Amino acid sequence: MKKTITTEKIPLYLWLDDLEDGALLQALDLANLPVAFHHIAIMPDSHIGFGMPIGGILATRDAVVPNAVGVDIGCGMCSLRTSLTGLHPAQLREIMGLIRRLVPVGFQHHKEDQPESVMPALPDESSRLTPVSEREFAKARRQVGTLGGGNHFIELQQGSDGYVWIMIHSGSRNIGLQVAEHYHKLAMARTEARKEKGAVPKDLSFFRADDPLYHAYLAEMRFCIAFALANRKLMMQRVQEAVAAVAGDISFSGFINKPHNFADTETHYGEEVLVHRKGATRAREGEPGMIPGSQGSPSYIVRGKGNPLSFASCSHGAGRVMSRNAARRKLDLKAEQQKLEKMGVLHAVRGKRDLDEAPSSYKNIRKVMANQQDLVEIVTELKPLAVIKG
Ligand code: 5GP
Ligand code: MN
Ligand code: MN
């Protein structure tokens, strides 16, 4: 941990020295929430988010804050190791071409329903209380196995262990967004109606556990987390097919899956609490995970240290140094492309509008890793070989 900030209520624990002002104000709002438990943890990749910093962890007692989970519910990463020790640029190009045919990106979805067997089961609560997943289920059959927009990616990487790795970043597509927006609106109404003492910022509106909507939100949130996993799994399967089609008879390791927008019941400081991680992942002792850098910097396979100070969590990436708009305005397209090409990465910075995902729009991952040595140990360093962005 780098520093603590005391407030009138609970303290902030920070794993970085330089939290931007906007994100600091958001962190203070979290600490002031009447339902916040023990302290707020701010990961080293933290930056301003919607209502709450990305890279923030909030534990609550008997309450859930939909915006502390985030709008892309269940968004996360998955990784696996191939038995390949390397790929030539021509092979990489062929694989990426095949992946593009198998995995729709951006706003695109499949033209046909995907098998129902890949879909998670709908929440078993009465459909009256969990209407969104049910309403969106049919459409989701065409969205499962699709990448989604901008920040989501499929990347092939060269590991320091000598093997080629695959990493996928994606979430719950439209269904998670629909659930998030639906319940945030309801949470605002509930929060206003309760007329409790102490101001709760609208963006941090919450349900108390005695409210049926608390359970309805959690049921639909869990469905979206399961859907996001199904989505990444199906894409991973297709990426494996593409790699095998080009590289031949190869094998794959087990699959590491880490959501970074979710809430879960856990025990911390002797109490059962609901831990909200928004742009943060769980890092229990010995738990495997991954921390991506950018398409032009290393990513890492890590093992958690189970540090109670972070509620056994770590960063979900490098984090942004500038907003998407600022990146498009400030970064130099030629310079970004040259840097990536010099590294030999088959990158995804094709034009000015891709600059928001250029490596320079993200923090220095080495510094981010140095700031969380008490949270994770590095197992494997992964260098980018080729990337597809949403
Ligand atoms: P999110 O959009 O979920 O908040 O960000 C996830 C993290 O992924 C970012 O903080 C960044 O460090 C990382 N990241 C973004 N784009 C890429 C990419 O193309 N490749 C890799 N390896 N990491 C990326
Ligand atoms: Mn994400
Ligand atoms: Mn996402």
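In this text, all values refer to a predicted model and were calculated from it rather than measured experimentally. Ligands are counted one by one from 1 in listed order, and the atoms in each one are counted from 1 as well.
Ligand-side atoms of ligand 1 in range of S299: 22 (N), range being under 4.0 angstrom from any heavy atom. Heavy-atom contacts of H260 reach the following atoms of ligand 1: 3 (O) (cutoff under 4.0 Å). Below 4.0 Å from some heavy atom of V387 lie the following atoms of ligand 1, by number and element: 19 (O). In the vicinity of M77, heavy-atom distances shorter than 4.0 Å reach the ligand 1 atoms 6 (C), 8 (O). Ligand-side atoms of ligand 1 in range of A318: 10 (O), 11 (C), 12 (O), range being under 4.0 angstrom from any heavy atom.
The 12-atom threshold is not exceeded at OH of Y163, counting heavy atoms of other residues, nucleotides or ligands nearer than 6.0 Å. For K339, the NZ atom sits in a packed shell: over 12 heavy atoms of surrounding residues, nucleotides or ligands are nearer than 6.0 Å. Open room surrounds NZ on K383; 12 or fewer heavy atoms of other groups in view lie less than 6.0 Å from it. The environment of CD in E241 is crowded: more than 12 heavy-atom neighbours from other residues, nucleotides or ligands sit within 6.0 Å.
Rounding to the nearest 0.5 Å gives a distance of 9.0 Å between OG1 of T281 and NE2 of H316.
Within the 2.8 Å limit, H260 places at least one N, O or S atom next to the Mn ion (ligand 2).
On a distance-only criterion, G319 and ligand 1 share at least one N/O pair closer than 3.5 Å. Taking only nitrogen or oxygen atoms, main chain and side chain alike, G293 reaches within less than 3.5 Å of ligand 1. In terms of polar-atom proximity, K389 is counted as a contact of ligand 1, with an N or O under 3.5 Å from an N or O of the ligand.
For atom 20 (N) of ligand 1, the nearest non-hydrogen atom of the protein is E155 OE1, 2.6 Å. Annotation: atom 9 (C) of ligand 1 to nearest protein heavy atom, Y362 CE2, 3.5 Å. When only non-hydrogen protein atoms are considered, atom 2 (O) of ligand 1 lies nearest to N151 ND2, 2.6 Å. Shortest contact from atom 24 (C) of ligand 1 to any protein heavy atom: F153 CE2, 3.3 Å. When only non-hydrogen protein atoms are considered, atom 8 (O) of ligand 1 lies nearest to P292 CG, 3.5 Å. Atom 6 (C) of ligand 1 has its closest protein heavy atom at H316 NE2, 3.6 Å.
Screening P384, S79, S299 against P292 for a side-chain contact (heavy atoms from CB on, under 4.5 Å) leaves a single residue, S299.
Figure legend: R190 and F207 shown without cation-pi pairing, the cationic atom not lying both under 6.0 angstrom from the six-membered ring centre and within 45 degrees of its axis. Within the cation-pi definition used here (under 6.0 Å to the ring centroid, within 45° of the axis), R320 qualifies as a partner of Y362. A cation-pi geometry, defined here as NZ or CZ lying under 6.0 Å from the six-membered ring centre and within 45° of its normal, holds between R194 and F206.
Note: H268 and F37 fail the aromatic proximity criterion, with ring centroids not under 6.0 Å apart.
Note on H169: its N/O/S atom closest to the Mn ion (ligand 2) is NE2. The Mn ion (ligand 3) is closest to atom OD2 of D72 (considering only N, O or S atoms).
With a 4.0 Å cut-off on non-hydrogen atoms, R320 does not touch ligand 1 at all.
Under 4.0 Å is where a charged nitrogen must lie from a carboxylate oxygen, and between E266 and R277 at least one such pair does. A salt bridge is absent between R141 and E112: the closest approach of a Lys/Arg side-chain nitrogen to an acidic carboxylate oxygen does not fall below 4.0 angstrom.
Computed with the Mn ion (ligand 3) at the centre, the C75 SG to H152 NE2 angle is 100°, stated to 10 degrees.
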